[in-house]
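Because the structure is a prediction, the values reported are computed rather than measured. Position 1 is the first residue of the sequence, and the numbers go up from there.
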Amino acid sequence: IMSKIRSIQANPTQEEELRKAEVEKGDLPSALSALYTRLSEAEQNFSDIDIRDTLIEIGDYFQAEGNFDRAINIYLIAYDKAGASDIKIDITLKIALIGFKTKNLDMLKKEIEQATALFEEGGDW
């Protein structure tokens, strides 16, 4: 379903490079630094669920900061790690909210279509 409706795709390589550069540069806000530390620990010691949940929090951080492109990419990476439809619906609605905030009606429409399709597939939201 994802490829039928959503035109944007996750770019985990780009996100990893950006994160690495930010960490090397230093001077990260403490909240973001803590999230990156948690993500690193999850990648080394825990499951995809822990990684996904931390990625969603990092996406929320960037959305709150107004860095919508970065938030969308991170949400899409988390989406790819989501097994259950309810998590996919939550992530899709977060992206739809960005479409609403940026007045990107095409994105908003596609994300609502995506959420509807997931719900119709049996998503429990």
Side-chain angles (χ1 to χ4, degrees):
I1 257 182
M2 173 109 154
S3 60
K4 291 181 193 172
I5 297 172
R6 186 175 282 139
S7 59
I8 48 178
Q9 300 296 318
N11 188 341
T13 305
Q14 177 190 31
E15 179 54 34
E16 189 173 320
E17 289 171 1
L18 287 169
R19 192 174 338 123
K20 212 177 276 187
E22 287 172 336
V23 169
E24 287 174 8
K25 184 180 173 189
D27 200 31
L28 285 173
S30 60
L32 186 58
S33 180
L35 287 168
Y36 283 172
T37 299
R38 213 164 78 212
L39 179 61
S40 180
E41 290 170 358
E43 290 171 337
Q44 293 172 12
N45 304 314
F46 301 109
S47 70
D48 273 355
I49 293 170
D50 299 302
I51 295 168
R52 178 204 67 211
D53 290 348
T54 305
L55 284 167
I56 291 169
E57 287 186 57
I58 294 170
D60 291 346
Y61 174 88
F62 282 108
Q63 183 176 168
E65 292 293 310
N67 189 338
F68 299 127
D69 290 338
R70 187 88 182 267
I72 290 169
N73 189 42
I74 295 167
Y75 287 146
L76 291 174
I77 295 167
Y79 184 99
D80 290 343
K81 294 187 178 301
S85 291
D86 58 332
I87 301 298
K88 289 182 178 182
I89 292 170
D90 286 344
I91 294 169
T92 299
L93 292 175
K94 287 177 180 286
I95 297 171
L97 180 60
I98 292 171
F100 181 77
K101 287 180 176 180
T102 60
K103 298 182 176 127
N104 183 334
L105 299 181
D106 187 49
M107 177 194 296
L108 179 60
K109 180 182 176 200
K110 287 180 180 181
E111 296 306 314
I112 289 172
E113 289 171 359
Q114 176 76 16
T116 301
L118 288 165
F119 184 75
E120 289 172 353
E121 282 182 1
D124 180 22
W125 186 69

statement: Closest non-hydrogen atoms of A82 and I91, given as atom of the first, atom of the second and distance, are CB-CD1, 4.5 Å
Exercise: identify the closest heavy-atom pair between T92 and A115: CG2-N, 3.6 Å
How long is the span from the [atom1] atom in [X] to the [atom2] atom in [Y], to the nearest 0.5 Å?
| X | Y | atom1 | atom2 | result |
| --- | --- | --- | --- | --- |
| D48 | D80 | CG | CG | 10.5 Å |
| I72 | N104 | CD1 | CG | 7.5 Å |
| I95 | L76 | CD1 | CG | 4.0 Å |

task: For E65, enumerate each residue passing the salt bridge (charged side-chain N to carboxylate O under 4.0 Å, His left out) test, keeping only those at least two apart in sequence or located in another chain.
output: none
query: With sequence neighbours left out, what residues match E57 under salt bridge (charged side-chain N to carboxylate O under 4.0 Å, His left out)?
result: R38
field: Apart from F46 itself, residues in the same hydrophobic cluster as defined by side-chain heavy atoms under 4.5 Å
entry: none
field: Side chains of Q114 and Y79 in contact at under 4.5 Å (non-hydrogen atoms)
entry: yes
Could you see if [X] belongs to whatever hydrophobic cluster contains [Y]? Use Ile, Leu, Val, Met, Phe, Trp, Tyr and a side-chain cutoff under 4.5 Å.
| X | Y | answer |
| --- | --- | --- |
| Y61 | I77 | yes |
| F100 | L105 | yes |
| I89 | I49 | no |
| L35 | L28 | yes |

Using side-chain contact (heavy atoms from CB on, under 4.5 Å) as the criterion, list what pairs up with [X], not counting sequence neighbours.
| X | result |
| --- | --- |
| A71 | F62, Q63, Y75, I98 |
| Q14 | N11, L18, N73 |
| T116 | I112, E120 |

query: Around E43, counting heavy atoms of other residues, nucleotides and ligands shown, do more than 12 lie under 6.0 Å from its CD?
result: yes
task: Count the heavy atoms belonging to other residues, nucleotides or ligands that lie under 6.0 Å from OH of Y36, then report whether that count exceeds 12.
output: yes
Set of side-chain hydrogen bond (donor to acceptor under 3.5 Å, both in side chains) partners for [X], sequence neighbours left out:
| X | result |
| --- | --- |
| S47 | D50 |
| E15 | R70 |
| K81 | none |

- line: When D53, I74, T54 are each screened for side-chain contact (heavy atoms from CB on, under 4.5 Å) with L39, the one that passes is T54
query: Applying salt bridge (charged side-chain N to carboxylate O under 4.0 Å, His left out), which residue pairs with at least one partner in residues 92-102 are found, sequence neighbours left out?
result: D60-K94
